[in-house]
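Keep in mind that the numbers below use all heavy atoms, side chains included, and drop hydrogens, waters and symmetry copies. Counting begins at 1 with the first residue of the sequence.
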Amino acid sequence: MGIFTRSVVSRKPNESMRLFVTAFVGVVFGFLIGLCFPKLSLTKFSLSASILTAIDFKYTEYTKLGPSSSTRVSHPVGNNGSSANVTLKKIWVPSNPRGAERLPPGIVRAESDLYLRRLWGKPSEDLTSKPKYLVTFTVGYDQRKNIDAAVKKFSGNFTILLFHYDGRTTEWDEFEWSKKAIHVSVRRQTKWWYAKRFLHPDIVATYDYIFIWDEDLGVEHFNAEEYIKLVRKHGLEISQPGLEPNKGLTWQMTKRRGDHEVHKETEEKSGWCNHPHVPPCAAFVEIMAPVFSRDAWRCVWHMIQNDLVHGWGLDFALRKCVEPAHEKIGVVDSQWIVHQSVPSLGNQSLDGKAPWKGVRERCKKEWSIFQTRFSRAEKAYLKEINSTSH
């Protein structure tokens with residue numbers, strides 16, 4: 001019992017000393033932290049300001065401001081209430097594409113392309129070649145042999161783009177060229193539906209010429225590179241290959257002439273043409289196998305109507321996109337094709353009628369609607385011009 005008492009008494013000085021040392025260390029540590037805190041705060045702010053780019057700073061400060069040329073803003077610095085006045089010019093470039101006015105012009109890329117790129121390496125080394133032309137086919141798998149033959153008529157200077165109306169895409173990999181082609185699949189649509197939505201002029205601006213072709217074309221007597229040479233030689237902005245005289249002909253203008261390289265006008269039935277330089281006697285190609293220059297396509301794309309999917313009536317209006325149309329629209333006779341008239345799209349009607357009947361009726365309705373719209377648009381524009389000129 002006496003031993004226990006002595007042990008307790010002997011510990012008291014040690015515990016007191018330990019408490020004293022702990023308190024002293026705590027006070028010193030707190031004092032040091034207090035001295036360092038302002039410095040740490042200033043360092044943190046300076047680091048944030050150095051990381052914040054000019055573009056980020058302007059975005060956070062000006063999102064609610066109008067396009068004024070410059071604004072002075074104040075930012076608090078540290079804990080002492082001082083501030084730094086910074087004057088920054090806001091970017092506003094009216095000549096940029098709509099919606100991109102807040103971007104510096106050097107970063108704006110208004111046009112794109114269809115070139116396929118790698119997922120690795122340097123972007124500048126992605127492309128070993130840049131095709132100069134684009135060919136599109138609207139296809140179903142049943143016509144694969146015909147498309148295979150057609151694609152082989154187009155050299156490596158062409159990007160191949162297939163629009164699949166039957167939803168079957170992977171099966172095309174039986175052809176080696178298909179693995180490098182671009183495939184777009186939406187069921188039960190026409191080539192003009194695809195063209196309006198996937199061939200915007202700013203997307204295909206890298207191509208000198210755009211071929212927008214059907215799937216049922218015989219190409220035994222056609223060579224795409226030779227065709228391009230003739231189009232350039234004769235100054236054609238909108239063209240098509242001549243059609244085999246005895247198959248699938250509707251218009252005399254598109255009939256192949258054996259003694260010509262190119263022709264730009266023809267004679268039609270009495271009363272069909274009110275002038276020798278207007279369709280279908282001139283300035284006319286059909287919509288089954290048209291070829292457009294870059295500039296012509298930019299105009300034609302804007303003329304395609306979103307809801308008129310068959311394109312009927314376009315052939316008579318193409319002349320609005322080039323001037324003089326009777327000189328810049330023509331048929332290439334020495335590179336010719338055969339229209340096989342396979343009614344593949346006609347088999348997709350769901351209205352209970354014979355498939356080809358439903359499609360044919362829709363085509364005729366669209367032609368009438370397009371003519372009415374175009375006529376009204378021209379009249380409205382001319383009326384507006386006349387009213388403002390007085």
*Does the pair K153/E220 count as a salt bridge with the N-to-O cut at 4.0 Å?*
no
*Salt bridge check: are E225 and K229 linked by an N-O gap of less than 4.0 Å?*
no
_Side chains of P97 and V108, heavy atoms from C-beta outward: is any pair under 4.5 Å?_
yes
*Cation-pi between R144 and Y141: NZ/CZ under 6.0 Å from ring centre and within 45° of the ring axis?*
yes
*Drop me the distance from I337's CD1 to H221's NE2, to the nearest 0.5 angstrom.*
11.5 Å
*asked:* Would you say H326 and E265 are linked by a side-chain donor-acceptor pair, where the criterion is simply a distance under 3.5 Å?
replied: no
*Scan side-chain atoms only and decide if H183 and S178 contain a donor-acceptor pair under the 3.5 Å cut-off.*
yes
*Y133 versus T159, side-chain donor and acceptor atoms under 3.5 Å*: no
*asked:* Between the side chains of D208 and K132, is the shortest nitrogen-to-carboxylate-oxygen separation below 4.0 Å, so that they form an ion pair?
replied: no
_I'd like to know if D295 pairs up with K328 as an ion pair, taking the criterion as any Lys NZ or Arg NE/NH1/NH2 lying under 4.0 Å from an Asp or Glu carboxylate oxygen._
no
_Are the side chains of V93 and L103 in contact, using a 4.5 Å heavy-atom criterion?_
no
*Check ion pair E378-K320 (N to O, under 4.0 angstrom)*: yes
*State whether a side-chain donor-acceptor pair under 3.5 Å links E237 with S293.*
yes
_W213 six-ring face occupied by K191 cation (under 6.0 Å, within 45°)_ = no
*When you check the side-chain N and O atoms of D148 and W177, is any donor under 3.5 Å from an acceptor?*
yes
*May I ask you to check whether Q143 and D216 show a side-chain donor-acceptor distance below 3.5 Å?*
no
_Check: R257/T266 side-chain N/O donor and acceptor closer than 3.5 Å_ = yes
